[in-house]
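Note sheet for the following structure.
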Amino acid sequence: MLGWGVDRLRADMNRLLAMLFHQGVLDEQFLQLQQLEDESSPNFVSEVVNIYFHESEKLLRNLRGLLMDREFSDYKKMGTHLNQLIGSSSSIGAKRVRNVCVSFRDASEQNSRAGCLRALELLEHEYCYLKNKLHELFQMDQLRVLAAGVTYPPQPQH
């Protein structure tokens, strides 16, 4: 029964990953990141992704802060934040977030406040979707590890 639970969790994880690839949420860079995980660093992917989320949330706050300023005109600063987000998104395989950032950067290069506001809204949506789905994936992985490691002491024979 325990083995079945581990196999089912692994299958669920594979289905979720396949869906995220099919939707274009993730790309092959995420698989390359997974290949770096081994017994000496079993949580490597989740640790890298959590750093990404932490840093990305700061960048998103900065972008929103810039756009909410009525006197805003520093599109170059916005481009700098977007370039950081593009690079970090690429490094973990967050394809859709990266693509939205590129469109956002295009709007900022055209000094289009309305375009930037639309892009920010889409970016926040894509970012939340990515974060929720990867959180779900990591939870399944933790359950799989726990289920695989569960052993029961032998019952005394009476």
Close side-chain approach of Leu17 and Met13, heavy atoms under 4.5 Å: no

Out of Glu124, Glu57, Glu136, Glu126, which one pairs with Lys131 under the salt bridge (Lys or Arg N to Asp or Glu O under 4.0 Å) rule? Glu57

For the student: nearest non-hydrogen atoms of Asp27 and Phe21, plus distance: O-CE2, 3.1 Å

Shared hydrophobic cluster, Leu134 / Leu31 (ILVMFWY, side-chain heavy atoms < 4.5 Å): yes

Would Arg96 and Leu130 count as a side chain to side chain contact (heavy atoms under 4.5 Å, CB included) if you check the C-alpha gap in whole Å, the side-chain angles of each, and the deciding distance to 0.1 Å? CA-CA 9 Å; Arg96 276 195 347 206; Leu130 173 72; over 6 Å; no

Find the distance between NE2 (His135) and CG (Asn132) and round it off to the nearest 0.5 Å. 8.0 Å

Say you draw a straight line from SG of Cys101 to CG of Leu63; how long is it, rounded to the nearest 0.5 Å? 8.0 Å

Are Phe53 and Ile86 connected into the same hydrophobic cluster when the rule is that any two of I, L, V, M, F, W, Y join if their side-chain heavy atoms are below 4.5 Å apart? no

From CA spacing to verdict: side chain to side chain contact (heavy atoms under 4.5 Å, CB included), Asp141, Val45: CA-CA 11 Å; Asp141 191 42; Val45 175; over 6 Å; no

Linking I/L/V/M/F/W/Y whenever their side-chain heavy atoms sit closer than 4.5 Å, directly or via other members, would Val102 and Leu60 fall into one cluster? no

Apply side chain to side chain contact (heavy atoms under 4.5 Å, CB included) to Lys133 and Val25, showing your working. CA-CA 10 Å; Lys133 291 302 176 185; Val25 173; 5.9 Å; no

Are Val49 and Met19 in one and the same hydrophobic cluster, where Ile, Leu, Val, Met, Phe, Trp and Tyr link if side-chain heavy atoms are under 4.5 Å apart? yes

Scanning both residues in full, the closest heavy-atom pair of Leu66 with His81 reads CD1-CD2, 3.7 Å

Full working for side chain to side chain contact (heavy atoms under 4.5 Å, CB included) between Tyr75 and Leu82: CA-CA 10 Å; Tyr75 287 95; Leu82 287 165; over 6 Å; no

Salt bridge or not for Glu121 and Arg118, using N-O below 4.0 Å? no

Is there a side-chain contact between Leu67 and Met78 in this structure, where contact means two heavy atoms from C-beta onward sitting under 4.5 Å apart? yes

A side-chain contact here means heavy atoms from C-beta on lying under 4.5 Å apart; do Leu85 and Leu123 qualify? yes

If we check side chain to side chain donor-acceptor pair (under 3.5 Å) with Arg98, which of these qualifies: Ser90, Ser91, Ser89? Ser90

Side chain to side chain, Phe44 and Asp38, heavy atoms closer than 4.5 Å: no

Can you say whether the rings of Tyr127 and Tyr52 are parallel (under 30°), tilted (30 to 60°) or perpendicular (over 60°)? tilted

